[in-house]
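Before any comments, here is the structure.
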Amino acid sequence: MIKLLLNTVVQTSNALVQKHLEWIYRITTTKPAAIFVACCLAFLLSCLSIARIHFEADIFKLFPQRGPLALFLDTMKWTGSAGNAYFLLEGDKEQLITEAETFAGKLRGLSVDGTPAFSNVKYRVFDLAEAQSFTTFMGYAVTRPQLFVAPEDAPRYRQFLGPEAVAASLRKATTELAAPGSLVDIIAVDPLYLRELILPRLKKASQALDLDTTSPYFISRDGKVLIIIAEPSRPVTDIAFARKLVAAINQAREGAPVKISVAGAHLSAVTDEAILKENVIVGVLSSLVIVLGLFYVAYRRFLPTLLIPLILVYGVVLALGTGGLVFPTISIISFAFTSLIIGLGTDYSVHLYDRFHFERSLGASSEEALRLATVDTGHALFTAAMTTAFPFLSLVVSEVKILSELGLLVGLGVIFSLYATYFFLPPLLLFMEKRFPLKAYKPLPTFGIGFFWTAGRRHWRTTIALSFGAVLCLLVSATGTSFESELKNLQPRYSEAFLAQEKVEQHLSVSRKQLIVAVEGNDLADVLSRGSRVDAMARELLQRGELASFSSIGQVINGADDQNAVIAELRAGLGHARLDADLNGALSRQGFAAEPFGQYIRGLAGLAEAEPLPVREGIDRLSDSPFRGIVERHLIRSESGYHLLSYLNYNGPEFRQQPFLTALHNDVPGARATSVDLVSGQLLDSVRRSFMLALIVGSLLVLSLLVSHFNSPRGIFYSLFPVTSGAIAMLGLMALTGMRLNFMNVMVLVTIFGMGSDYGLHVAHRVRGCAEEELKGRFVQSGRAVLLSGLTTIAGFGSLAFTDYGALASIGWATNFGVAATALFTLAGLPAFMYYLNTIRKRPPAG
C-alpha cells in the first residue's frame with residue numbers, strides 16, 4: 001500500500017513537472033518576444049523596488065534585540081561609548097603630551113557641513129577651562145572624606161593631618177606657588193594635598209582604561225600611548241556624515257610628528273563598508289571573469305557565454321526586488337551572499353548547454369536536442385534548484401534577521417536564475433543554430449572523468465572502503481570543530497580601526513573582557529542600595545582572583561557602611577585634638593595667612609564629629625564637576641527610570657560567569673548583565689535555533705523532492721551520499737586547518753546541503769534507466785557538468801576566501817572545502833556505489 005502510494009506520488013509529481021517544462025519549451029521556442037517583454041517588465045519593477053531599499057551596515061541590528069544584546073546596546077547608547085572616536089598617539093611621552101594639546105585643538109576646530117565635527121574632545125582628567133569647577137569640587141571633596149576617601153585610605157588621610165605631614169605639605173605648596181604657571185586656586189582650597197587620596201580614585205573610575213593615575217593626561221602606564229576621546233556631533237547611523245568626518249580626521253593628522261591611529265564606530269562603519277563593498281565587487285567581478293572563462297574554454301561558444309552575466313544579473317535583481325517588498329532594510333552582508341548566485345546560476349546554463357551539445361554531437365536535430373535539454377535535463381535542474389532554494393527559503397522564519405534576509409535573497413535568486421535560464425537560453429540556442437550554425441558538433445572534452453568511472457567500477461571494493469574511511473576520519477576530525485565567539489575576529493583584519501583597537505587592548509585595557517551589571521528602578525535610593533549588593537559581590541570575586549578589577553559608583557562615592565568605616569577611623573585617630581589650632585599654627589610658621597583657609601580648616605576640624613552624608617549629595621557634586629563623566633558612565637536617568645551600571649573586568653575562564661549570574665539573580669532580583677561572552681552566547685543560541693530549524697525543514701523538503709523525483713532508494717542515496725560526505729568533510733577540514741565556525745559560515749552547511757545534493761542528483765538522473773553501453777557516456781556528460789558547476793561555485797562564492805573581511809573569508813573557505821569535497825565524492829565515489837548497487841547486488845547467486 002505504501003509502495004503504491006509512493007509510486008503514485010512520484011508519477012504524479014514527475015508528470016506535473018514534465019508538463020510544466022513542456023510548456024516552457026513550447027512558449028520559449030514559439031513566442032520568445034512575449035517572454036522577453038514580460039521579463040523586461042519584471043526587471044523594471046524589481047529595479048523600482050530596489051531603489052527603496054536601505055542597506056544596513058550595523059551587524060547588531062540583524063539579531064533579536066533582547067537579553068544581553070539589548071543591555072549591551074543600551075549601555076553603549078547611554079554612555080555614548082558606541083559613537084566615540086578614539087585617537088591613539090604613539091611616541092615619546094613628553095612629545096605625546098605636547099602633540100595631544102595641538103591635535104586636540106585641531107579636532108575641536110574640525111567642521112562638517114559648517115557645524116562642529118565633535119561635541120566634546122578629552123585627553124586629560126579635566127580641561128584647564130574647567131579649573132574653577134575642579135577647584136570648587138576639590139574644596140568640597142577633601143573636607144568630606146566620608147564620601148570620597150576609600151575606607152582603606154582613611155588611615156593615610158589621618159596621617160596627612162599629622163604635624164610632620166602638614167609641615168611637609170605646606171613646604172611643598174610654598175615651592176609650587178613660587179613656580180610660574182602654578183595652580184594657585186587648587187592650593188588655596190587644599191594646601192595639604194589631601195586630593196592625592198581622591199584624584200587617583202576618580203581618575204580610575206572616569207574611563208574604562210588602564211591609565212597612569214599620577215598623570216593628568218589619558219596616558220598608558222607604560223607611557224607609550226596617549227589617548228584622545230572625542231564625541232562626534234552626529235550618530236554613526238548618519239553614514240554620509242561619517243564619511244566626511246573620516247576624511248576631515250585624515251586631513252587633520254597629516255604631517256603629525258607622532259603616529260596617530262583611530263578607532264571607533266564611525267571609522268569602522270566607513271572602512272568596513274568600503275572594505276566590504278570592495279571585497280564584494282572585486283570578488284563578484286573576478287569570479288564572473290573566471291566563471292565565463294571556464295564556460296567558454298569548455299564549450300567554445302561566445303553567445304551562451306555572454307548570456308550568463310545577463311541571467312545572473314536578472315536573478316539577483318529580481319531576488320533583491322522581491323526581497324525589498326519584504327524587508328525595507330537589507331544588510332550589506334546579506335547582499336554579499338547574493339554572490340553565491342554567480343556559482344549557482346551558472347550551473348543551470350552549464351547543465352542545459354552541456355546536454356544540448358551532447359545530443360547534437362550524437363546527431364540529434366536542434367529542436368530535439370533542445371527539447372531533451374529543456375525537458376529531461378531541465379527536470380533534474382528543476383529538482384536540483386528546489387533542493388537548493390528550499391533550505392534557504394526555510395530560513396525566512398528565523399528570528400535572526402540576517403538569516404531571514406539571506407535565506408530569502410539566495411533562495412529566490414536560485415529560482416529566478418533557473419527560470420531566467422529556462423526562458424533566455426533556448427531561444428538563444430535556436431537563434432545561434434539559424435544564424436551561426438556549427439559545421440559539426442564535436443564531442444566535448446571529458447576532463448579525465450571517464451577515468452573515475454572505469455577505476456570506480458574496476459576497484460569498487462577499494463573505492464567504497466576508501467570513501468567510507470575518509471568520511472569516518474573526517475567525522476572524527478569534525479568533533480574538534482569549535483565556535484568563534486569573538487565578534488571582532490569577523491571584522492576586516494587589517495583595517496585601521498581593527499589594528500587601533502588591538503593597540504588599545506595591548507596598552508590601555510584594564511582586562512581582556514568586561515561584564516556590565518545594570519540595576520534599574522524609579523527610586524534612586526533603592527537602586528543605589530541594590531547596587532551596593534553588586535559591589536559586595538564584586539569585592540568577593542576580586543578577593544578570590546576571579547576579577548582583575550571592577551568599577552562602580554560605589555568605588556567613588558561611599559555608601560552608608562563605608563562612610564561609617566571612614567568616620568570611625570577618623571574619630572579614633574583625631575579624638576579631641578585641637579586640629580584647627582594646629583593647622584593655624586602650621587600655616588603661620590610657613591608664612592601663610594590663616595584667613596583664606598578658614599573654611600578649609602573648619603571643615604577638617606569638624607571631622608571628629610562627622611556624620612554620614614546622602615549619597616545623592618555626592619552624585620550631584622560630581623555631576624557639577626569636571627568628573628561628571630563618572631556619573632554619566634555609571635548612573636543614567638532615562639524615561640524608564642535610573643540605570644546603575646557596574647563594570648566587572650576579567651581576563652578569561654577564571655571568572656565563573658554562570659554561578660555569578662545565578663547569585664546576582666537571587667541577591668539582586670531584576671538586575672541585568674551583559675558581556676561580549678554573553679552576547680556571543682545569545683547570538684550563538686539564536687543562530688543555532690535558526691540553523692536547526694532550517695536544517696530540519698530543509699532536510700524534509702529536500703528529501704520530499706528527491707522522493708518525488710526518484711522511484712527507488714538508490715537514486716536518493718546517490719543524491720545524499722556526496723552531500724553528506726561533503727558537509728562532514730567541510731567541518732573536518734575546518735578543524736584540521738584551525739578554522740572555527742561562526743555566525744556567518746555556519747550557514748554554508750545549509751548551502752552545501754541544498755546545493756551539494758544537486759551533484760549526485762544530476763548523475764543519478766542521467767544514468768538511470770539506460771543501457772549498459774550508454775552508462776559511461778552519460779556519466780561523463782553529467783560528471784563534466786558537475787565538475788564545471790563545482791568550479792564555478794568555488795569561483796563565484798569561494799573567492800570570498802581571499803577577502804580581508806573575516807566573516808566573508810570564513811564563508812569562502814568553508815564553501816571551498818564543502819563544494820570541492822562534495823564534487824570529489826560525486827565523481828570518484830558514485831561509480832563504485834552504482835556498480836555495486838546496480839550490478840553486483842542484482843546478479844543471481846552462484847550455483
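Exactly one of Ile249, Ile227, Ile229 qualifies for a side-chain contact (heavy atoms from CB on, under 4.5 Å) with Phe87. That residue is Ile249. The salt bridge (charged side-chain N to carboxylate O under 4.0 Å, His left out) test with Glu196 is passed by exactly one of Arg156, Lys172, Arg201: Lys172. For the side-chain hydrogen bond (donor to acceptor under 3.5 Å, both in side chains) criterion with Tyr650, the lone passing option out of Gln514, Lys513, Gln657 is Gln657.
Judged by distance alone, with hydrogens and angles left aside, the side-chain atoms of Asn564 form no donor-acceptor pair with the main-chain N or O of Pro612 at under 3.5 Å. Of the possible donor and acceptor atoms, one in the side chain of Glu546 sits under 3.5 Å from a partner among the backbone N and O of Arg656. At least one donor-acceptor pair closer than 3.5 Å links the side chain of Ser233 to the backbone N or O of Pro116. In terms of modelled atom types and a separation under 3.5 Å, the side chain of Gln555 and the main chain of Phe550 share a donor-acceptor contact. Within the 3.5 Å criterion, the main-chain N or O of Val566 finds no donor-acceptor partner in the side chain of Tyr157. At distances below 3.5 Å, at least one donor-acceptor pair connects side-chain atoms of Ser169 with backbone N or O atoms of Ala165. Of the possible polar contacts, none joining the Thr143 side chain to the Tyr600 backbone as a donor-acceptor pair under 3.5 Å is found. At least one donor-acceptor pair closer than 3.5 Å links the side chain of Arg571 to the backbone N or O of Ala610. Without hydrogens or angle criteria, Gln563 side chain to Leu613 main chain gives a donor-acceptor distance under 3.5 Å. A donor-acceptor contact shorter than 3.5 Å links the side chain of Arg530 to the backbone of Glu520.
For the salt bridge (Lys or Arg N to Asp or Glu O under 4.0 Å) test, residues two or more places apart in sequence or in another chain that qualify with Arg628 are Glu130. Scored by the side chain to side chain contact (heavy atoms under 4.5 Å, CB included) test, Val258 finds Leu89, Gln95, Leu96, Glu99, Ile260 as partners (sequence neighbours excluded). Take Glu609 and apply the salt bridge (Lys or Arg N to Asp or Glu O under 4.0 Å) test, not counting sequence neighbours, and it matches no residue.
To the nearest 0.5 Å, atom CD1 of residue Ile636 and atom OH of residue Tyr642 are 12.0 Å apart. Atom CG of Leu197 and atom CZ of Phe160 lie 4.5 Å apart (nearest 0.5 Å). Atom NZ of Lys224 is separated from atom CD1 of Ile219 by 12.0 Å, given to the nearest 0.5 angstrom. Distance CG/Leu192 to CD1/Ile187: 11.5 Å, rounded to 0.5 Å. How far CG of Leu622 is from CD1 of Ile557: 4.5 Å, rounded to the nearest 0.5 Å. Interatomic distance, Ser529 OG to Asp523 CG, rounded to the nearest 0.5 Å: 9.5 Å.
The side-chain heavy atoms of Phe118 and Leu245, taken from C-beta on, include a pair separated by under 4.5 Å. With contacts defined as side-chain heavy-atom distances shorter than 4.5 Å, the pair Glu540/Met537 does not qualify. Looking at heavy atoms from C-beta onward, Ser551 lies in side-chain contact with Arg633 at the 4.5 angstrom threshold. The closest side-chain heavy-atom distance from Thr662 to Gln658 is below 4.5 Å. Put simply, the side chain of His634 does not reach to within 4.5 Å of the side chain of Val556, judged on heavy atoms. Counting heavy atoms from C-beta outward, Leu199 and Met138 have side chains that approach closer than 4.5 Å. Between Thr136 and Ser625, every side-chain heavy-atom pair lies at or beyond the 4.5 Å cut-off.
In this pair, Phe137 and Phe148 present their aromatic rings perpendicular. The plane angle is above 60°, beyond the 30 to 60° band.
When all heavy atoms of Pro145 and Leu570 are compared, the pair lying nearest together is CG-CD1, 3.6 Å. Scanning both residues, Ser646 and Asp535, for their nearest heavy atoms gives OG-OD1, 4.0 Å. Between Gln146 and Glu611 the shortest heavy-atom distance is NE2-O, 3.1 Å. Shown here for Thr674 and Pro68, the closest heavy-atom pair between the two residues is OG1-O, 2.6 Å. Shortest non-hydrogen contact noted between Ala173 and Tyr193 is CA-OH, 3.3 Å. What you find for Leu541 and Leu648 is that their closest heavy atoms are CD1-CD2, 4.3 Å.
Annotation: Arg544, atom CZ; neighbour count of heavy atoms from other residues, nucleotides and ligands within 6.0 Å is above 12.
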Side chain to side chain contact (heavy atoms under 4.5 Å, CB included), that's the test. Do Leu71 and Leu678 meet it? Break it down for me.
CA-CA 11 Å; Leu71 179 58; Leu678 293 177; over 6 Å; no
Test side chain to side chain contact (heavy atoms under 4.5 Å, CB included) on Asp582 and Val166; report intermediate values, then the result.
CA-CA 9 Å; Asp582 293 342; Val166 168; over 6 Å; no
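Note on Asp562 versus Arg539: salt bridge recorded, some NZ/NE/NH1/NH2 to OD/OE distance being below 4.0 Å. With respect to the salt-bridge test (charged N to carboxylate O, under 4.0 angstrom), the residues Asp190 and Arg195 qualify.
Checking Glu617 against Tyr140 by side-chain atom types alone, a donor-acceptor pair falls below 3.5 Å.
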